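What follows is a set of notes on a single structure, which appears directly below.
Residue numbering restarts at 1 for every chain, and letters A, B, ... go by the order of the sequence lines. When reading the values below, keep in mind they use all heavy atoms of this one structure, side chains included, and skip hydrogens, waters and symmetry mates. It should be emphasised that the depicted structure is a prediction, and the values quoted were computed from it without experimental measurement.
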Protein chains: 2
Amino acid sequence: MDQQTIRKAGLKVTLPRMKILEILEENAQRHMTAEDVYKELLLRDEEIGLATVYRVLTQFEAAGLAERHHFEGGQAVFELNRGEHHDHIVCLTCGKVEEFMDETIEKCQAKIAKKHGFTIADHSLILYGECNNPKCPNRPK
Amino acid sequence: MDQQTIRKAGLKVTLPRMKILEILEENAQRHMTAEDVYKELLLRDEEIGLATVYRVLTQFEAAGLAERHHFEGGQAVFELNRGEHHDHIVCLTCGKVEEFMDETIEKCQAKIAKKHGFTIADHSLILYGECNNPKCPNRPK
DNA sequence: AATAGAAATGAGAAGCTTACGCATTGGCGT
DNA sequence: ACGCCAATGCGTAAGCTTCTCATTTCTATT
Ligand SMILES: [Mn+2]
Ligand SMILES: [Mn+2]
Ligand SMILES: [Zn+2]
Ligand SMILES: [Zn+2]
């Protein structure tokens, strides 16, 4: 239950948090901007302000419930933390995002960190290119 | 000579472009924000506006003379393109940046792109962590 | 169930980085 | 040296995100 999820994250159970978590869950295959979430709330006639959306997403991130990624271009995107780490490939034309995880790359990163004396807390790996999908150039928005 | 560099990039040789290129060269070991470059210009009593700094840096990037990176946090940073690709490790405490290039990772990326049917144009790999340098916590700025 | 205290929210304004508009200046080919 | 078009400087605006603060909503406790 969402309530448990939020409570376990150390957050008070409030209507905005419930609704936002719900939206992220229902769009688990997407990577949503704060604005995307806000628009979805409007569609559902929820009276939740954009500031609250940003606040809640940031709290979810801090609590480890969600992840924030900065793909090229303006807005940050969010997705629920599914427990398993992954990185992203983004199509520069249509914006399509695919996910991957490569054990070899992850191991190399650890090795590199060690060589430089760093203790790695996190990393960001994003591949940019063209998806080559026949109907790609129909870039949304 | 800087003039040749700028001309070969297809850009008119102007004082702002010369000065900015000069600053980037003299700080080749750093990763400078537009503001950093601007402050450096002020120190040298150059009457160059911040808008011009942003414009020129963007032109340098488009011309392949410079690269722009988005490390965590606010500003983008710039560095001259030294011809050889590299990625970055950033200390979350002191802001120190180290560079690396791992052939294995690069190859894996190509493989992953292929598997997903993407044509990769570019990529961004940034490791975040702690540098473990004894005098690290003296975070600048 | 009612109450009180603390935390969260909504709305708007502010902050920060970056881009833009336009009058003026300045390279550069002639 | 001249003149044209590009580039610049300044101020302003845009886009995204965070902040402020009066008001509302949780939650623990009666
Ligand atoms: Mn993802
Ligand atoms: Mn670098
Ligand atoms: Zn595409
Ligand atoms: Zn450090």
Atom pair distance, as rounded to whole Å: NZ in Lys19(A) and P in dC26(D): 12 Å
Nucleotide of dC28(C), dT27(D), dG9(D) approaching Val13(B) most closely (side-chain heavy atoms): dC28(C)
Touch class at under 4.0 angstrom, heavy-atom based, for Arg55(B) against every strand present: base
Whole-Å distance separating the OH atom of Tyr38(A) from the C1' atom of dC16(D): 15 Å
Ile6(A) CD1 to dC26(D) P, straight-line distance once rounded to whole Å: 11 Å
Under-4.0 Å side-chain N/O to phosphate OP1/OP2 contact, Thr58(A) with dT18(D): yes
Touch class at under 4.0 angstrom, heavy-atom based, for Glu35(A) against every strand present: nothing
Along DNA chain D (nearest heavy atom to each residue), the more 5'-positioned of Leu11(A) and Ala76(A): Ala76(A)
Integer-rounded Å distance: dT17(D) P and His70(B) NE2: 12 Å
Touch class at under 4.0 angstrom, heavy-atom based, for Ile48(A) against every strand present: sugar-phosphate
Whole angstrom value for the distance that separates P of dT17(D) from CD of Glu72(B): 14 Å
Atom pair distance, as rounded to whole Å: CD1 in Ile20(B) and P in dA7(D): 13 Å
Residue Ala51(B), side-chain atoms from C-beta onward, closest of dC10(D), dT8(D), dT9(C): dC10(D)
Pair Glu35(A) + Lys39(A), salt bridge at N-O below 4.0 Å: no
Selection from dC28(C), dC26(D), dG12(C) that lies nearest to any side-chain heavy atom of Lys12(A): dC26(D)
Nearest-nucleotide pick for Leu15(A), side chain only, options being dT17(C), dT27(D), dC26(D): dC26(D)
Minimum-distance nucleotide to Arg68(B) side chain [options: dT8(D), dG10(C), dA19(C)]: dA19(C)
Short side-chain donor-acceptor distance under 3.5 Å, Thr33(B) and Asp36(B): yes
Note, Ile126(B) side chain near Glu72(B) side chain (heavy atom, < 4.5 Å): no
Check: His88(B) ring centroid to His69(B) ring centroid under 6.0 Å: yes
Rounded distance in Å - CG (Leu57(A)) to P (dT9(C)): 11 Å
Touch class at under 4.0 angstrom, heavy-atom based, for Thr14(A) against every strand present: sugar-phosphate
Option among Arg30(B), Arg68(B), Gln29(B), His31(B) that satisfies the side chain to side chain donor-acceptor pair (under 3.5 Å) test with Glu79(B): His31(B)
Closest nucleotide among dT9(C), dT8(D), dC28(C) to the Gln59(A) side chain: dT9(C)
Distance in Å, Tyr38(A) OH paired with Met32(A) CE, rounded so as to fall on 0.5 Å steps: 14.0 Å
Rounded interatomic separation in angstrom, taking CD from Glu47(B) and P from dC10(D): 7 Å
Any Tyr54(A) side-chain nitrogen or oxygen under 4.0 Å from OP1 or OP2 of dT17(D): yes
